[in-house]
Number of protein chains: 2
Amino acid sequence: MVRPRFANLAPEQQQAILRAALDEFATHGFHDASLNRVIEAAGISKGSMYYYFEGKEDLYTYVARIEVERLLAEVGPFSVPSQGDADAFWSTLADYYLRLMTALTASPQLAALIRGWAAASKTPALQEAQQQLEQGMWPWLVQTLAAGQRVGAVRSDLPAALLIAVVVGMGQAMDTWLVTRAPDIDDLPRLIGALVEMIRGAVRP
Amino acid sequence: MVRPRFANLAPEQQQAILRAALDEFATHGFHDASLNRVIEAAGISKGSMYYYFEGKEDLYTYVARIEVERLLAEVGPFSVPSQGDADAFWSTLADYYLRLMTALTASPQLAALIRGWAAASKTPALQEAQQQLEQGMWPWLVQTLAAGQRVGAVRSDLPAALLIAVVVGMGQAMDTWLVTRAPDIDDLPRLIGALVEMIRGAVRP
DNA sequence: CTGGTGGTTCGACCAGTAGTCTAGACGATG
DNA sequence: CATCGTCTAGACTACTGGTCGAACCACCAG
């Protein structure tokens with residue numbers, strides 16, 4: 001966990017560290033990023049870095065969390081549609097997905113960070129961080145799944161964990177495909193529509 | 001590329017190196033594996049290791065390739081069904097998938113290696129290896145996809161690369177779910193059937 | 001038997017890594 | 001002025017993957 005002292009640091013220093021770390025992690029991923037380079041770029045000493053962060057993993061998860069929160073705040077809240085039919089459920093989801101992806105294509109650095117996260121999170125060194133993130137997202141996922149089942153949009157004959165795992169896997173595959181192809185903004189809605197259609201077909205009752 | 005001299009090495013030495021490497025990579029993944037530990041466990045010197053392999057990545061991809069080839073040989077060949085209807089296409093696929101997974105659950109070390117591969121392959125250090133592997137699998141994937149489209153089992157209105165990416169993503173998610181849950185052998189057919197059904201629903205025309 | 005020669009092995013060494021630790025600078029407070 | 005907590009600097013440790021030159025050894029020609 002990031003040490004609370006970090007909040008007391010002068011904001012410009014905080015920004016310098018965060019910017020340096022984001023740069024490094026976005027371009028190199030977790031493993032190939034060098035903490036020494038971050039320290040140098042941020043213009044601080046090793047002692048200071050370890051005074052504010054527990055280590056490389058801590059810095060990485062902190063930066064990732066901050067950036068994701070920024071993205072989510074920018075995209076706006078998502079409310080699970082508790083009523084309506086299956087079509088309404090899926091169009092709500094597609095709408096949110098579209099908003100997310102448009103925001104993401106606008107900030108390629110964050111996209112790279114997230115892609116790197118998806119690649120590195122399964123590695124032993126980051127399992128704790130991965131679990132932590134999953135715990136944070138889990139209620140949202142379960143809730144959305146339950147809502148989908150309630151309106152008859154999602155099958156109920158398989159374990160929820162399996163359904164979620166598969167859908168998340170599909171989402172990751174789609175994201176990397178989208179982000180590496182970098183399609184036109186105008187094409188995005190059509191593409192996203194097709195992608196949500198695929199998810200819908202996969203989990204249809 | 002593994003140096004050709006390796007083939008001339010005494011078989012027991014080859015085995016010692018391969019076994020040590022498989023052990024290390026399966027338990028630690030690529031990044032957290034230590035080449036020094038492999039060298040020690042294999043009972044050779046650093047110079048010899050680098051005499052036979054170009055480096056860590058080379059050893060890793062070699063071990064992975066050997067083990068995957070062993071698995072595929074054990075599972076037997078897969079022939080794309082060129083005729084028949086969609087049901088036949090999917091049942092052939094489900095059958096092959098089932099054979100693969102039963103073989104995989106029988107050798108957890110190999111399963112761990114493959115899981116580690118999926119996690120580490122997107123990392124910058126392994127992109128070449130990843131591309132190499134993909135190039136090897138690509139014709140097979142494209143062929144199978146085309147066969148599916150020919151019998152009307154797979155939609156044709158989306159880029160082949162996107163369809164393949166999504167299906168591979170689903171497969172990875174399912175594999176890790178299956179392998180971490182380690183379900184009964186008896187339950188496997190039912191589960192695999194459901195999983196293939198999900199894939200079918202996702203890519204249905 | 002001598003002296004190469006080429007394939008093979010060894011381990012010291014290099015530049016880099018993440019992380020630890022101690023000495024001290026700075027400022028507030030008694 | 002003295003002391004105490006906050007903070008910084010950077011030397012240091014134990015490790016990493018990778019390089020390199022020396023030595024070893026079976027072979028063969030003279």
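All values below were derived from every heavy atom in this structure, side-chain atoms included, with hydrogens, water molecules and symmetry-related copies excluded. Sequence lines set the chain letters: A, B, ... in the order given, protein chains first and strands last, and positions in each chain run from 1.
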Nearest-Å distance for atom pair [atom1]/[atom2], residues [X] and [N]:
X      : N       : atom1 : atom2 : answer
F53(A) : dA18(C) : CZ    : P     : 15 Å
Y60(A) : dA18(C) : OH    : C1'   : 17 Å
E54(A) : dT20(C) : CD    : C1'   : 14 Å
K56(B) : dT19(D) : NZ    : P     : 14 Å
Y50(A) : dT17(C) : OH    : P     : 12 Å
E24(A) : dG16(C) : CD    : P     : 14 Å
H28(A) : dA18(C) : NE2   : C1'   : 17 Å

With sequence neighbours excluded, tell me which residues meet side chain to side chain contact (heavy atoms under 4.5 Å, CB included) with Q109(B). L22(B), D23(B), A26(B)
Sequence neighbours excluded, the answer for side chain to side chain contact (heavy atoms under 4.5 Å, CB included) partners of S34(B) is E24(B), N36(B), R37(B)
For DNA chain C, determine which residues of residues 29-42 of chain A have any heavy atom closer than 4.0 angstrom to one of its atoms, and list them numerically. A33(A), S34(A), L35(A), N36(A)
With sequence neighbours left out, the residues meeting ring pair (Phe, Tyr, Trp, His ring centres under 6.0 Å) with F25(A) are Y60(A)
Got a sec, which residues hit side-chain hydrogen bond (donor to acceptor under 3.5 Å, both in side chains) with [X], two or more places apart in sequence or on another chain?
X       : answer
R70(A)  : E67(A)
S121(B) : Q130(B)
R200(B) : D87(B)

Check whether any side-chain N or O of [X] sits under 3.5 Å from a backbone N or O of [Y] as a donor-acceptor pair, and report yes or no.
X       : Y       : result
Q172(A) : A118(A) : no
S45(B)  : S48(B)  : yes
D58(A)  : V2(A)   : yes
R5(B)   : Y52(B)  : no

Global bending angle along the helix from dC1(C)-dG30(D) to dG30(C)-dC1(D), which compares the axes of five pairs at either end, to 10 degrees: 40°
Stepwise ring-ring contact (aromatic ring centres under 6.0 Å, His included) test for Y62(A) and F6(A): CA-CA 11 Å; Y62(A) 180 71; F6(A) 185 66; 5.6 Å; yes
Quick one: does V166(B)'s side chain get under 4.5 Å of L163(B)'s, heavy atoms only? no
Quick one: does R115(A)'s side chain get under 4.5 Å of K122(B)'s, heavy atoms only? no
Qualifying ring-ring contact (aromatic ring centres under 6.0 Å, His included) pairs with a residue from residues 90-113 of chain A, counting only residues at least two apart or across chains: F78(A)-Y96(A)
Nucleotides 25-29 of chain C: which of its N/O atoms have a protein N/O under 3.5 Å away?
none

List in numerical order all residues of residues 112-119 of chain B for which some heavy atom is under 4.0 Å away from an atom belonging to DNA chain D. none
Would you tabulate the nitrogen or oxygen pairs shorter than 3.5 Å linking the protein to nucleotides 6-12 of chain C?
unit_1	atom_1	unit_2	atom_2	d
dT8(C)	OP2	Y51(B)	OH	2.8
dT9(C)	OP2	Y52(B)	OH	2.6
dC10(C)	OP2	S45(B)	N	3.4
dC10(C)	OP2	S45(B)	OG	3.4
dC10(C)	OP2	S48(B)	OG	3.4
dG11(C)	O6	G47(B)	N	3.2

